[in-house]
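Accompanying notes for the structure given below.
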Amino acid sequence: MRVIAGTARGKKLIAPADQNVRPTLDRVKENIFNMIGPSIRDSVVLDLFAGSGALGIEALSRGARWCFFSDLDKKSIALVKGNLEATRLVERASVHHLDAERMIEYLFQRGEKIDYLLVDPPYSKGIVQKILKQLEKYNIMQVGGIVIIETDKSEILPDEVAGLSKTKDRVYSSTRISIFLAKEIANEQ
(Lines give C-alpha, C1' and ligand atoms only; values in the text may rest on other atoms or scores of the structure.)
Protein backbone atom coordinates (compact mmCIF):
# COMPACT_ATOMS: atom_id res chain seq x y z
CA MET A 1 0.00 0.00 0.00
CA ARG A 2 1.47 3.32 -1.07
CA VAL A 3 0.66 6.94 -1.87
CA ILE A 4 0.07 7.13 -5.62
CA ALA A 5 0.53 10.81 -6.49
CA GLY A 6 1.41 14.22 -5.11
CA THR A 7 3.89 15.40 -2.52
CA ALA A 8 4.06 12.02 -0.72
CA ARG A 9 4.12 9.97 -3.94
CA GLY A 10 5.65 6.53 -3.53
CA LYS A 11 5.64 6.61 0.28
CA LYS A 12 4.70 3.24 1.70
CA LEU A 13 1.85 3.23 4.20
CA ILE A 14 1.54 0.83 7.09
CA ALA A 15 -1.37 -1.52 6.45
CA PRO A 16 -3.58 -2.84 9.24
CA ALA A 17 -2.62 -6.27 10.56
CA ASP A 18 -6.26 -6.90 11.51
CA GLN A 19 -7.94 -9.08 8.89
CA ASN A 20 -11.26 -7.32 9.61
CA VAL A 21 -9.86 -4.06 8.19
CA ARG A 22 -9.90 -4.04 4.39
CA PRO A 23 -7.65 -1.34 2.91
CA THR A 24 -8.67 0.15 -0.43
CA LEU A 25 -6.54 -1.42 -3.14
CA ASP A 26 -4.06 0.92 -4.86
CA ARG A 27 -5.77 0.33 -8.22
CA VAL A 28 -9.18 1.28 -6.81
CA LYS A 29 -7.71 4.30 -4.99
CA GLU A 30 -6.05 5.47 -8.21
CA ASN A 31 -9.35 5.14 -10.10
CA ILE A 32 -11.23 7.09 -7.41
CA PHE A 33 -8.83 10.02 -7.68
CA ASN A 34 -8.81 9.85 -11.48
CA MET A 35 -12.62 10.15 -11.43
CA ILE A 36 -12.63 13.25 -9.21
CA GLY A 37 -9.66 14.89 -10.91
CA PRO A 38 -7.58 17.86 -9.77
CA SER A 39 -10.45 19.58 -7.94
CA ILE A 40 -9.22 17.95 -4.72
CA ARG A 41 -6.69 20.82 -4.41
CA ASP A 42 -7.48 23.27 -1.59
CA SER A 43 -10.45 21.16 -0.45
CA VAL A 44 -11.58 20.00 2.99
CA VAL A 45 -11.88 16.22 3.21
CA LEU A 46 -13.48 13.83 5.69
CA ASP A 47 -12.20 10.24 5.70
CA LEU A 48 -14.77 8.15 7.59
CA PHE A 49 -13.81 4.60 8.60
CA ALA A 50 -10.25 5.77 7.99
CA GLY A 51 -8.52 2.44 8.69
CA SER A 52 -4.92 3.21 7.70
CA GLY A 53 -5.85 6.68 6.44
CA ALA A 54 -4.80 5.79 2.88
CA LEU A 55 -7.67 7.62 1.15
CA GLY A 56 -7.39 10.83 3.17
CA ILE A 57 -3.60 10.80 2.92
CA GLU A 58 -3.89 10.43 -0.85
CA ALA A 59 -6.17 13.48 -0.88
CA LEU A 60 -3.69 15.48 1.22
CA SER A 61 -0.78 14.40 -0.95
CA ARG A 62 -2.71 15.62 -4.01
CA GLY A 63 -3.23 19.05 -2.47
CA ALA A 64 -6.27 18.93 -0.17
CA ARG A 65 -6.02 21.78 2.36
CA TRP A 66 -7.27 19.76 5.36
CA CYS A 67 -8.45 16.24 6.17
CA PHE A 68 -10.48 15.04 9.13
CA PHE A 69 -9.89 11.34 9.82
CA SER A 70 -12.37 9.35 11.88
CA ASP A 71 -12.38 5.75 13.06
CA LEU A 72 -13.74 3.93 16.09
CA ASP A 73 -10.88 1.42 16.29
CA LYS A 74 -7.91 2.52 18.46
CA LYS A 75 -5.44 0.54 16.34
CA SER A 76 -6.69 2.31 13.22
CA ILE A 77 -6.28 5.68 14.92
CA ALA A 78 -2.66 4.80 15.73
CA LEU A 79 -2.11 3.68 12.11
CA VAL A 80 -3.52 6.91 10.70
CA LYS A 81 -1.30 8.98 13.00
CA GLY A 82 1.78 6.93 12.09
CA ASN A 83 1.05 7.17 8.36
CA LEU A 84 0.49 10.93 8.60
CA GLU A 85 3.86 11.32 10.33
CA ALA A 86 5.60 9.09 7.74
CA THR A 87 4.17 11.19 4.89
CA ARG A 88 4.83 14.49 6.71
CA LEU A 89 1.19 15.51 6.33
CA VAL A 90 0.28 15.63 10.02
CA GLU A 91 0.03 19.45 10.12
CA ARG A 92 -2.91 19.43 7.66
CA ALA A 93 -4.99 16.83 9.47
CA SER A 94 -6.90 15.99 12.61
CA VAL A 95 -7.59 12.44 13.76
CA HIS A 96 -10.74 11.64 15.74
CA HIS A 97 -11.61 8.54 17.74
CA LEU A 98 -15.34 8.71 16.95
CA ASP A 99 -17.82 6.53 15.12
CA ALA A 100 -18.97 7.88 11.76
CA GLU A 101 -22.38 9.09 12.91
CA ARG A 102 -20.94 11.02 15.86
CA MET A 103 -18.21 12.48 13.64
CA ILE A 104 -20.80 13.87 11.23
CA GLU A 105 -22.75 15.41 14.12
CA TYR A 106 -19.53 16.82 15.63
CA LEU A 107 -18.56 18.54 12.37
CA PHE A 108 -22.08 19.90 11.93
CA GLN A 109 -22.02 21.38 15.44
CA ARG A 110 -18.69 23.06 14.64
CA GLY A 111 -20.12 24.53 11.43
CA GLU A 112 -17.63 22.67 9.23
CA LYS A 113 -18.40 22.15 5.53
CA ILE A 114 -16.84 19.26 3.67
CA ASP A 115 -15.84 19.29 0.00
CA TYR A 116 -15.02 15.56 -0.25
CA LEU A 117 -16.43 12.83 1.95
CA LEU A 118 -14.72 9.43 1.69
CA VAL A 119 -16.84 6.58 3.07
CA ASP A 120 -15.28 3.10 3.20
CA PRO A 121 -17.18 1.13 5.87
CA PRO A 122 -17.15 -2.62 6.51
CA TYR A 123 -19.07 -4.22 3.65
CA SER A 124 -22.63 -5.59 3.84
CA LYS A 125 -23.51 -4.40 7.34
CA GLY A 126 -26.07 -1.70 6.49
CA ILE A 127 -23.70 1.03 7.64
CA VAL A 128 -23.94 3.10 4.45
CA GLN A 129 -27.68 3.64 4.96
CA LYS A 130 -27.04 4.94 8.50
CA ILE A 131 -24.41 7.35 7.19
CA LEU A 132 -26.75 8.62 4.47
CA LYS A 133 -29.48 9.24 7.07
CA GLN A 134 -26.99 11.09 9.26
CA LEU A 135 -25.96 13.26 6.30
CA GLU A 136 -29.60 14.08 5.67
CA LYS A 137 -30.03 15.08 9.32
CA TYR A 138 -26.75 16.98 9.62
CA ASN A 139 -25.84 18.65 6.35
CA ILE A 140 -22.05 18.97 6.46
CA MET A 141 -21.51 18.93 2.70
CA GLN A 142 -20.66 21.99 0.64
CA VAL A 143 -23.10 22.48 -2.24
CA GLY A 144 -21.32 20.79 -5.12
CA GLY A 145 -19.31 18.65 -2.71
CA ILE A 146 -18.53 15.05 -3.59
CA VAL A 147 -19.35 11.92 -1.56
CA ILE A 148 -17.41 8.80 -2.53
CA ILE A 149 -18.79 5.55 -1.13
CA GLU A 150 -17.00 2.22 -1.35
CA THR A 151 -19.20 -0.87 -0.96
CA ASP A 152 -19.34 -4.50 -1.98
CA LYS A 153 -20.12 -4.78 -5.70
CA SER A 154 -23.54 -6.27 -4.91
CA GLU A 155 -24.66 -3.18 -2.95
CA ILE A 156 -26.31 -0.78 -5.37
CA LEU A 157 -27.16 2.62 -3.93
CA PRO A 158 -30.10 4.71 -5.19
CA ASP A 159 -29.52 7.50 -7.73
CA GLU A 160 -30.90 10.17 -5.34
CA VAL A 161 -30.54 10.03 -1.58
CA ALA A 162 -30.01 12.47 1.33
CA GLY A 163 -29.65 15.51 -0.92
CA LEU A 164 -27.12 13.67 -3.07
CA SER A 165 -27.27 12.72 -6.76
CA LYS A 166 -25.26 9.78 -8.03
CA THR A 167 -22.96 10.84 -10.85
CA LYS A 168 -20.78 7.74 -11.26
CA ASP A 169 -20.96 4.09 -10.33
CA ARG A 170 -18.04 1.75 -11.13
CA VAL A 171 -17.20 -1.84 -10.19
CA TYR A 172 -13.61 -2.99 -9.66
CA SER A 173 -13.40 -6.71 -8.89
CA SER A 174 -15.42 -7.11 -5.66
CA THR A 175 -15.67 -3.36 -4.96
CA ARG A 176 -18.26 -0.81 -6.08
CA ILE A 177 -17.42 2.89 -6.05
CA SER A 178 -20.42 5.24 -6.06
CA ILE A 179 -19.83 8.97 -6.45
CA PHE A 180 -22.48 11.48 -5.42
CA LEU A 181 -22.81 15.23 -5.90
CA ALA A 182 -24.20 17.22 -2.95
CA LYS A 183 -27.17 19.44 -3.81
CA GLU A 184 -28.54 22.27 -1.72
CA ILE A 185 -30.71 20.97 1.11
CA ALA A 186 -33.53 23.26 2.14
CA ASN A 187 -34.02 21.89 5.66
CA GLU A 188 -30.60 22.69 7.17
CA GLN A 189 -30.76 22.68 10.96
(request) Just do the side-chain hydrogen bond (donor to acceptor under 3.5 Å, both in side chains) check on E150 and Y123 with the steps written out, would you? (result) CA-CA 8 Å; E150 186 175 333; Y123 288 177; 3.1 Å; yes

(request) Sorted by first residue and then second, give each side-chain hydrogen bond (donor to acceptor under 3.5 Å, both in side chains) pair with at least one member in residues 87-99; sequence neighbours left out. (result) S94-H96

(request) Please report the closest heavy-atom contact between F49 and P122, naming both atoms and the distance. (result) CD2-CD, 4.0 Å

(message) Please tell me whether I57 and I14 are part of a single hydrophobic cluster in this structure, the criterion being side-chain heavy atoms less than 4.5 Å apart.
(response) no

(request) Would you please name every residue forming a side chain to side chain donor-acceptor pair (under 3.5 Å) with E85, sequence neighbours left out? (result) none

(message) Hydrophobic cluster membership, with links at side-chain heavy-atom distances under 4.5 Å among I/L/V/M/F/W/Y: are I127 and L107 in one?
(response) yes

(request) Determine the sole option in N83, V80, L84, L79 for which the side chain to side chain contact (heavy atoms under 4.5 Å, CB included) test with L13 is passed. (result) N83

(message) Show the nearest heavy-atom pair for residues V147 and M141, with the distance to one decimal.
(response) CG2-CE, 3.7 Å

(request) Name all residues meeting the side chain to side chain contact (heavy atoms under 4.5 Å, CB included) criterion together with K168; count only those two or more places apart in sequence or in a different chain, and write none if there are none. (result) M35, R170, I179

(request) Enumerate the residue pairs fulfilling salt bridge (Lys or Arg N to Asp or Glu O under 4.0 Å) with a member in residues 34-48, sequence neighbours excluded, ordered by first and then second residue. (result) none

(message) Give me the atom names and distance for the closest heavy-atom approach of F68 to V44.
(response) CE1-CG1, 3.8 Å

(request) Indicate yes or no: does E160 engage K183 in a salt bridge with an N to O separation below 4.0 Å. (result) yes

(request) Kindly indicate, with the supporting measurements, whether the criterion side chain to side chain contact (heavy atoms under 4.5 Å, CB included) is fulfilled by D71 and L98. (result) CA-CA 6 Å; D71 205 295; L98 292 171; over 6 Å; no

(message) Taking side chain to side chain donor-acceptor pair (under 3.5 Å) as the definition, give me every residue that meets it alongside S70, ordered by chain and number, with sequence neighbours left out.
(response) none

(message) For a 4.5 angstrom cut-off between non-hydrogen side-chain atoms, does K113 reach N139?
(response) yes

(request) Before giving the answer on side chain to side chain contact (heavy atoms under 4.5 Å, CB included), spell out for L132 and I149 the whole-Å C-alpha distance, their side-chain angles and the decisive distance to 0.1 Å. (result) CA-CA 10 Å; L132 292 171; I149 302 175; 4.1 Å; yes

(message) Do Y106 and R110 pair up side chain to side chain, a donor and an acceptor below 3.5 Å, judged on atom types alone?
(response) yes

(request) For S39 and Y116, test the side chains for any donor-to-acceptor distance below 3.5 angstrom and give the result as yes or no. (result) yes

(request) Locate the shortest heavy-atom distance separating G56 from L118; write the atom from each residue and the value. (result) N-CD1, 3.8 Å

(request) Mind running side chain to side chain contact (heavy atoms under 4.5 Å, CB included) on N31 and I177 for me, showing each step along the way? (result) CA-CA 9 Å; N31 283 311; I177 301 297; over 6 Å; no

(request) Would you indicate whether K11, at its atom NZ, is surrounded by more than 12 heavy atoms from other residues, nucleotides or ligands within a distance under 6.0 Å? (result) no

(request) Taking side chain to side chain contact (heavy atoms under 4.5 Å, CB included) as the test, write out the residues that go with A5, two or more places apart. (result) E58, R62

(message) Any carboxylate oxygen within less than 4.0 angstrom of a Lys/Arg side-chain nitrogen, looking at R176 and D169?
(response) yes

